[in-house]
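Residue numbering restarts at 1 for every chain, and letters A, B, ... go by the order of the sequence lines. Since we're looking at a predicted model, the values are computed, not measured.
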Amino acid sequence: MGRFLSRQRFYVTTPIYYPNDKLHIGHTYTTVAADSLARYHRLRGHDTWFLTGTDEHGLNLQRAAAQAGKEPLEYIDPIVEWIQHLWKRLHISYDDFIRTTEERHKRRVQQIFQKLYDQGDIYKGTYRGLYCVRCEAYYSEDELAEGNLCPIHQRPVEWLEEESYFFRLSKYGEPLLAHIEANPDFVRPESRRNEVISFIRQGLEDLSVSRTSFSWGIPVPFDPKHVIYVWVDALANYATALGYPDGDLYRRFWPADLHLIGKDILRFHAIIWPAILLALGEPLPRCVYGHGWLLIDGGKIGKSRAGSQVIDPLTLIDRYGVDVVRYFLVREVPFGADGTYSEESLVRRLNSDLANDLGNLVWRTTAMIERFCGGLIPDPSGAPATDLAQVAAEVRRRVEQHMDRFELNLAVAAVWDLIGRANKLVDEAAPWELNRRGEHARLGRVLYDVAEAARFAAVLLAPFLVETPERIYDQLGYDEDLRAVGWDAGLTWGRLPVGTRVRRGEPLFPRVDVESLFAGGDGAGEGSAGGQGGSAGGEASGQEPAAGAAPEITIEEFARLDLRVVRILEAEPVPGADRLLKLKVSLGSGGERQVVAGIARHYQPEDLVGRQAVLVANLKPARIRGVESQGMLLAAADDGRVVLVAPEQAVNPGSKVR
RNA sequence: GGCGGCGUAGCUCAGUGGCAGAGCAAACGGUUCAUACCCGUUGUGUCGGUGGUUCGAAUCCACCCGCCGCUACCA
């Protein structure tokens, strides 16, 4: 604790994102976390700098642009704009956004490269590896498909040698290990630190830091047929953006207090980047924090996943509001560990924490002040204090401790102890009783303290939420700019002026009806929505649907099914099974599958060929009568009849059904 | 294969030698200021399995089962 108090400054970075596709909720998670930390330190009055940006070089972007028939920047610019728009919608308060294609970055990267070369830490050598000509990329042996084939093109890779510059990473293994061992906070969380240590102990090899196989990058200053490869280019952004080596910002903010990253890029940040800095003679960042993944149904969110799996953050903001999304991200995931995203869990957080606890606290408090105190914040001085001030002080202390350890989820959770205590106090003190009995002094004290607790919660949540703290202030009728006032002054108990006229507006967070949301499939879904029990069912809202129906599932559970239209290519009976047919079906570009279907009593094999049907494409393969079945065809069962389900009009095989 | 981690209430997890915990969900009760809210009570747990150490094990040890991470040139 006090690590940053003494320094009074804070420099935090996110990774720079690769704009070959839109960002998803995982990137949003990293960035919102960094933003919360930046906002926290600004509130505390620390000299704060928050950097994010985009990594815009490399083969993948060069190729994507070429495929789109565009110049690289022509292709990249709109994506970067989209990213900046997303950050704007999330109120990401970055101080600088660096693009690696900017002159200020390129110049300094070349400077770094030159310096390392001049001092012998970069030398010319030969890079050897297994190379796929189509991919224009190297593969390591364990990445290859069966028979030494390129995993993407299924064609043989070649052993290729290429002239390349190398960074003497091997030279810095020992010094780096010493640094890590001397600084327990350098790599976090603990489990990541152990990974890094054991990796370095295996011995580090020198690192290829240039390429001649593509051109979209920063030229090596003294050998322009090479471009500087990602390591030096991208990682250096944390320093070049500040004006390394002699810019004012660099002098003011380096070394970084926190590189916040996903665990997938840990090694680059915890080994390669520090080694470069050691070589440059620059101080190392204080902490590299590899947080966990946000998972969907146990699978990693990644761009490579099917489109249906990717959650568009903008959609969520539109649907629930920016603070709900921000709150969910920092609250739901234990920082460092993996967390799970589902819309259902988001709505649960919204309903129970934001609407029921916080929103309702503000709502009932202002309602009572209106009803019992003429709408004016009452004078508390006529009765002894409640314990809320104490609880608030203690919660504040815990929030600070957690923030210093980057435990965002615990910091936020602590605020709910104050909110919970305030709700409980209302119940215990029963202001409506005090009012009825004419105990105005005590009534004033209780309502003042509860209002002040709500105000405290607003300040304590100000690092995380961007609209709600102001809305709470507004409903309390308090026109102070809480972000300008800052942490210490804002967290002074008794700041809320007596006699302020409250302004009740709308509840802070409307509850979302989980049942209807997931039954109807939100908006687009018409389905069988009309028949839902809903409110008509009274108490029985959580009851099972009518007899005979299957239990309710969520839209996400349904989304796990990969249903595809297929064309039946071949059909033949399965020997020794009188109701099974073995089918070969086409998924168009998705290839072909063999499927066993129990429809032999209902269809002649020859009648099936050429027809379309619907396949459960991600069903776990099974052996049926010794025949492999990779999926299952949908069919309607009407008494004894079995009828295949097919699209109403012919569509391309492989089309998704949903 | 090697190294590391995890497996605790329906769900998410805390607890690392001394009577099994929190939040959410559920049931019941209270209350009416409030967004069917808030407050209280209640639970079901072979603490992954087996064996061992110990007066005592979720906790320490061994083995087993299951899951996950890392094991370098992909942003």
Trainee: Distance under 6.0 Å and angle within 45° of the ring axis: does A:Arg128 meet both against A:Trp159?
Mentor: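 The answer is no, since A:Arg128 fails at least one limit relative to A:Trp159.
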
Trainee: Just the atom pairs and distances: protein N or O near nucleotides 30-33 of chain B's N or O, under 3.5 Å.
Mentor:
residue : atom : partner  : partner atom : Å
B:C33   : O3'  : A:Arg371 : NH2          : 3.3
B:C33   : O2   : A:Arg364 : NE           : 3.0
B:C33   : N3   : A:Arg364 : NE           : 3.4
B:C33   : N3   : A:Arg364 : NH2          : 2.5
B:C33   : N4   : A:Arg364 : NH2          : 3.1

Trainee: Rounding to an integer number of Å, can you tell me how far A:Leu61 CG sits from B:A75 P?
Mentor: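 My rounded result for the distance is 10 Å.
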
Trainee: Counting only side-chain nitrogens and oxygens, does A:Lys424 get under 4.0 Å of the OP1 or OP2 atom of B:G40?
Mentor: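 True: A:Lys424 side-chain N/O within range (under 4.0 Å) of B:G40 OP1/OP2.
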
Trainee: Please give the distance between the P atoms of B:C19 and B:C47 as a whole number of Å.
Mentor: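 Each nucleotide's P atom is 15 Å from the other's.
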
Trainee: Between the main-chain N or O of A:Ile180 and the side-chain N or O of A:Arg193, is there a donor-acceptor pair closer than 3.5 Å?
Mentor: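 Yes; at least one donor-acceptor contact below 3.5 Å.
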
Trainee: What's the gap between B:C13 and B:G45 when it is taken at their C1' atoms, as a whole Å value?
Mentor: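 Result for the C1' pair: 15 Å, nearest Å.
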
Trainee: I'd like the P distance from B:G51 over to B:U42, given in whole Å.
Mentor: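 It comes out at 34 Å once rounded to the nearest Å.
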
Trainee: Name the nucleic acid region contacted by A:Asp353, choosing base, sugar-phosphate or nothing; use a 4.0 angstrom heavy-atom cut-off, strictly under.
Mentor: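 Counting heavy atoms under 4.0 Å across all strands, no contact is made by A:Asp353.
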
Trainee: Looking at every strand, decide which applies to A:Gly359 at a 4.0 Å heavy-atom threshold: base, sugar-phosphate, or nothing.
Mentor: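 If one applies the 4.0 Å heavy-atom cut-off, A:Gly359 turns out to touch a base.
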
Trainee: Rounded to the nearest Å, what distance is computed from the CD1 atom of residue A:Ile265 to the P atom of nucleotide B:C73?
Mentor: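 The distance from CD1 of A:Ile265 to P of B:C73 comes to 16 Å, rounded to the nearest Å.
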
Trainee: Looking only at side-chain atoms of A:Phe509, point me to the closest of B:A72, B:G40, B:U35.
Mentor: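 Nucleotide nearest to A:Phe509's side chain: B:U35.
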
Trainee: Name the atoms and distances for all side-chain donor-acceptor pairs under 3.5 Å in residues 197-207 of chain A, with sequence neighbours left out.
Mentor:
residue  : atom : partner  : partner atom : Å
A:Ser198 : OG   : A:Asn194 : O            : 3.4
A:Ser198 : OG   : A:Glu195 : O            : 3.1
A:Arg201 : NH2  : A:Glu181 : OE2          : 2.7
A:Asp206 : OD1  : A:Leu169 : N            : 3.2
A:Asp206 : OD1  : A:Ser170 : N            : 3.0
A:Asp206 : OD1  : A:Ser170 : OG           : 2.6
A:Asp206 : OD2  : A:Tyr123 : OH           : 2.6

Trainee: Holding to side chain to side chain donor-acceptor pair (under 3.5 Å), I want the full list of residues that pass it with A:Tyr165, two or more places apart in sequence or in another chain.
Mentor: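 Checked A:Tyr165 against side chain to side chain donor-acceptor pair (under 3.5 Å); matches are A:Asp223.
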
Trainee: Tell me, yes or no, whether the heavy-atom count around A:Glu163 atom CD, taken from other residues, nucleotides or ligands under 6.0 Å, exceeds 12.
Mentor: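 Atom CD in A:Glu163 is packed in, count exceeds 12.
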
Trainee: Would you kindly say whether A:Glu56 and A:Thr101 are connected by a side-chain donor-acceptor distance under 3.5 Å?
Mentor: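 Per modelled atom types, A:Glu56 and A:Thr101 side chains form a pair under 3.5 Å.
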
Trainee: Mapping A:Arg349 and A:Trp231 to their closest nucleotides on RNA chain B, which lands nearer the 5' end?
Mentor: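 The 5'-side residue here is A:Arg349.
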
Trainee: If you draw the axis of the six-membered ring of A:Phe328, does the NZ or CZ of A:Arg349 fall within 45° of it and under 6.0 Å from the ring centre?
Mentor: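 No, A:Arg349 does not sit over the ring of A:Phe328.
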
Trainee: Please give, in whole Å, the distance from B:U35 C1' to A:Asn423 CG?
Mentor: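 Rounded to whole Å, this separation is 12 Å.
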
Trainee: Assign a letter to each nucleotide of nucleotides 7-14 of chain B from its 5' end: B, base within under 4.0 Å of a protein heavy atom; S, sugar-phosphate only; -, no contact.
Mentor: --------

Trainee: Please measure how far the P atom in B:A14 lies from the corresponding atom in B:C6, and state the result in whole Å.
Mentor: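 Nearest-Å result for B:A14 against B:C6 at atom P: 10 Å.
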
Trainee: Quote, to the nearest angstrom, the C1' distance that separates B:C11 from B:G43.
Mentor: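 So the two C1' atoms sit 16 Å from each other.
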
Trainee: Taking the side chain from A:His27 and the backbone from A:His24, do they hold a donor-acceptor pair closer than 3.5 Å?
Mentor: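 Answer holds: yes.
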
Trainee: Looking at A:Arg348, is its backbone amide N or carbonyl O close enough to the side chain of A:Asn351 to form a donor-acceptor pair, meaning the two atoms are under 3.5 Å apart?
Mentor: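 Checking the backbone N and O of A:Arg348 against the side chain of A:Asn351, no donor-acceptor pair under 3.5 Å is found.
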
Trainee: Do A:Asn409 and A:His402 have side-chain atoms, one donor and one acceptor, less than 3.5 Å apart?
Mentor: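 The criterion, which ignores hydrogens and geometry beyond distance, is not satisfied for A:His402 and A:Asn409.
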
Trainee: Give A:Asn409 one of three labels, base, sugar-phosphate or nothing, depending on what nucleic acid heavy atoms sit under 4.0 Å from its own.
Mentor: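 It contacts nothing in the nucleic acid.
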
Trainee: Looking at residues at least two apart in the chain, or sitting in another chain, which of them share a side chain to side chain donor-acceptor pair (under 3.5 Å) with A:Thr365?
Mentor: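 Scan of A:Thr365 (side chain to side chain donor-acceptor pair (under 3.5 Å), adjacent residues dropped) gives none.
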
Trainee: Contact class for A:Leu266 (heavy atom, under 4.0 Å): base, sugar-phosphate, or nothing?
Mentor: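 Touches nothing.
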
Trainee: Could you measure between the two P atoms, the one in B:C65 and the one in B:G56, and give it in whole Å?
Mentor: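 It works out to 29 Å between them.
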
Trainee: Please determine whether a side-chain nitrogen of the Lys or Arg among A:Arg398 and A:Glu394 lies less than 4.0 Å from a carboxylate oxygen of the Asp or Glu.
Mentor: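 Salt bridge between A:Arg398 and A:Glu394, a charged N being under 4.0 Å from a carboxylate O: yes.
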
Trainee: Ignoring hydrogens and angles, tell me if any N or O in the side chain of A:Asp55 forms a donor-acceptor pair with the backbone of A:Ile16 under 3.5 Å.
Mentor: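 Answer holds: no.
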
Trainee: To the nearest Å, give me how far apart CG (A:Leu169) and C1' (B:C73) are.
Mentor: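 To the nearest whole Å, that distance equals 11 Å.
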
Trainee: Counting side-chain heavy atoms from C-beta on, which of B:U35, B:A72, B:C24 comes nearest to A:Arg511?
Mentor: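 Nearest to the side chain of A:Arg511 among the choices is B:U35.
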
Trainee: Base, sugar-phosphate alone, or nothing: which one does A:Pro507 contact when heavy atoms must sit under 4.0 Å apart?
Mentor: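 Answer is base: heavy atoms of A:Pro507 come under 4.0 Å of a base.
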
Trainee: Write down the distance between CG (A:Asn351) and P (B:A25), rounded to a whole number of angstrom.
Mentor: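 Whole-Å distance recorded here is 9 Å.
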
Trainee: Taking the C1' atom of each, how far is B:C55 from B:G66, in whole Å?
Mentor: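 B:C55 and B:G66 have their C1' atoms separated by 34 Å.
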
Trainee: Are the side chain of A:Gln475 and the backbone N or O of A:Glu506 linked by a donor-acceptor pair below 3.5 Å?
Mentor: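 Yes; judged by distance alone, with no hydrogens or angles, the pair exists.
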
Trainee: Round to the nearest Å and state the distance from A:Ile419 atom CD1 to B:G23 atom P.
Mentor: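 Distance check: A:Ile419 CD1 to B:G23 P gives 15 Å.
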
Trainee: Indicate for each nucleotide in nucleotides 1-6 of chain B, in 5' to 3' sequence, whether protein heavy atoms under 4.0 Å reach the base (B), only the sugar-phosphate (S), or nothing (-).
Mentor: ------

Trainee: Please state the P separation for the pair B:A57 and B:A20 - nearest whole angstrom.
Mentor: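 Going atom to atom, P in each nucleotide, I get 11 Å.
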
Trainee: Need one value for A:Gly203: base, sugar-phosphate or nothing, where a base atom within 4.0 Å counts as base even if backbone is also close, heavy atoms only.
Mentor: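 Base contact.
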
Trainee: Please tell me which of the listed nucleotides, B:U35, B:C73, B:A75, lies nearest to the side chain of A:Leu508?
Mentor: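 Looking only at heavy atoms from C-beta outward on A:Leu508, the closest nucleotide is B:U35.
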
Trainee: When all nucleic acid strands are considered with a 4.0 Å heavy-atom cut-off, which category describes A:Tyr229: base, sugar-phosphate, or nothing?
Mentor: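 Sugar-phosphate: the residue A:Tyr229, judged by heavy atoms under 4.0 Å, touches backbone atoms but no base.
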
